[in-house]
Structures are given as structure tokens and as C-alpha cells.
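So the structure is just underneath, and the comments pick up after that.
Every chain is numbered from 1, with letters handed out A, B, ... down the list of sequences.
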Amino acid sequence: MTPRSPQSEAKQRTTAILRAVRAIQRGTFASYGEVARRAGLPGRARLVGTVLRESASSVKLPWHRVTGAGGRIAFPAGSRSAREQIRRLDREGVKARGNRVLQKPAASSPRTLDALLWKM
DNA sequence: CGGGTGACAACGT
DNA sequence: AACGTTGCCACCC
């Protein structure tokens, strides 16, 4: 839909990504790759990271609900950001050990989509 | 145009 | 489980 100027396209991508991130339910989490897919941008996990980094200081987002593949914390272990993310997740009932988020019993299951796609 | 980089992912060893 | 590789994509020099 609509205009196809290079910058407006970039803007649309950003919007789609932010929307996908905001849609992650409290107490759940999703990987960069999954956020990208939900935003209609399969294969652009890195873009998700880029957008989050740029939006960090300008927009309020549940950024802590975005993890690396399989629940891995993307920030360096022990870094300020990593601890902050783990603390925020913990407050929502999502526990982590080391730099890895543990699966939450009933609530979040970021695996379901993959499970369906990959018949696991 | 070419090379380096990064809040990534998948695969192999 | 921990790395190293390769594929990707957008950006910046």
C-alpha cells in the first residue's frame, strides 16, 4: 500500500516492528526473529535489534520482552542492560538463570509458533 | 563500490 | 555447552 519512497518504507518497517514489540503480552517474551516475523519481516532479526536500540531513548517499549533465540539474553552477561532486562522480566514472573530466560509454565510459550512451523 | 559492524539466527564441530 | 562459520540486512565510513 501506498507510496514507495525509500524512507517511507523504512519508516513503515520501524512502525511494524514497534507495533509487534508492543503487542508482546506481559509475562511473555519473543525472540528478535519472531518479532521480525510478526512484523511481516521474516529474516530481519537484526533490524529489530537496530530499531530497539534507536528507539530506546525516545519511546517507551516493553523491550525487556525481546530476547535472543530460545530465550537467550542478547546483552553481554552481567552487563547493566542484561541485569535490567532480567529484573524487569522477573517482575512479570518470567524467571531467568544466567543469561538465559527460563520457560514460563502456562503463560509464555514463544516456542508454539516454531513448533507449528517445524512440526516439533 | 568495498569493508566493517551489530540488542540476530542456524548449523556444525 | 561453547565457540567458529555462514547467511542476512541495514548503516556507516
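Atom CD1 of A:I73 and atom C1' of B:dA7 are 10 Å apart (whole Å). Rounded to an integer number of Å, the gap from CZ of A:R53 to P of B:dA7 is 6 Å. Rounded to whole angstrom, the span from the CG atom of A:L41 across to the C1' atom of B:dC8 amounts to 14 Å. Atom CZ of A:R72 and atom P of B:dA9 are 6 Å apart (whole Å). The separation between A:R83 atom CZ and B:dA7 atom C1' is 16 Å, rounded to whole Å. Here the P atom of nucleotide B:dA7 and the CZ atom of A:R65 are 22 Å apart, to the nearest Å. With rounding to whole Å, A:N99 atom CG is found 12 Å from B:dC8 atom P. Atom CD1 of A:I24 and atom P of B:dA7 are 18 Å apart (whole Å).
With sequence neighbours left out, A:R22 forms a side chain to side chain contact (heavy atoms under 4.5 Å, CB included) with A:L18, A:V59, A:L61, A:P62. Scored by the side chain to side chain contact (heavy atoms under 4.5 Å, CB included) test, A:A82 finds A:I73, A:F75, A:S79, A:N99 as partners (sequence neighbours excluded).
No more than 12 heavy atoms of other residues, nucleotides or ligands lie within 6.0 Å of CD in A:Q25, so this atom counts as exposed by the packing criterion.
Remark: A:D90 CG to A:Q85 CD distance equals 12.5 Å, nearest 0.5 Å. The distance from atom CZ of A:R26 to atom CG of A:L89, rounded to the nearest 0.5 Å, is 10.5 Å.
For DNA chain B, the neighbouring residues in residues 74-81 of chain A, judged by any heavy atom under 4.0 Å, are A:A74, A:F75.
For B:dA9, one of the phosphate oxygens OP1 or OP2 lies less than 4.0 angstrom from a side-chain nitrogen or oxygen of A:S31.
With both ends at atom C1', the span from C:dC13 to B:dA7 equals 22 Å, rounded to whole Å.
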Can you tabulate the close N/O pairs, meaning under 3.5 Å, that link protein atoms to atoms of nucleotides 8-13 of chain C?
none

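In terms of heavy atoms, A:V94 sits closest to A:T28 at CG2-N, 4.2 Å. Of all the heavy atoms in A:S31 and A:G68, the pair that sits closest is CB-O, 3.6 Å.
Applying the side-chain hydrogen bond (donor to acceptor under 3.5 Å, both in side chains) rule to pairs touching residues 58-73 of chain A yields A:H64-A:E92, A:R65-A:E92, sequence neighbours excluded.
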Show the atom names and distances, to 0.1 Å, of all donor-acceptor pairs under 3.5 Å that link a side chain in residues 42-54 of chain A to residues at least two apart or in another chain.
residue, atom, partner, partner atom, Å
A:T50, OG1, A:R46, O, 3.0

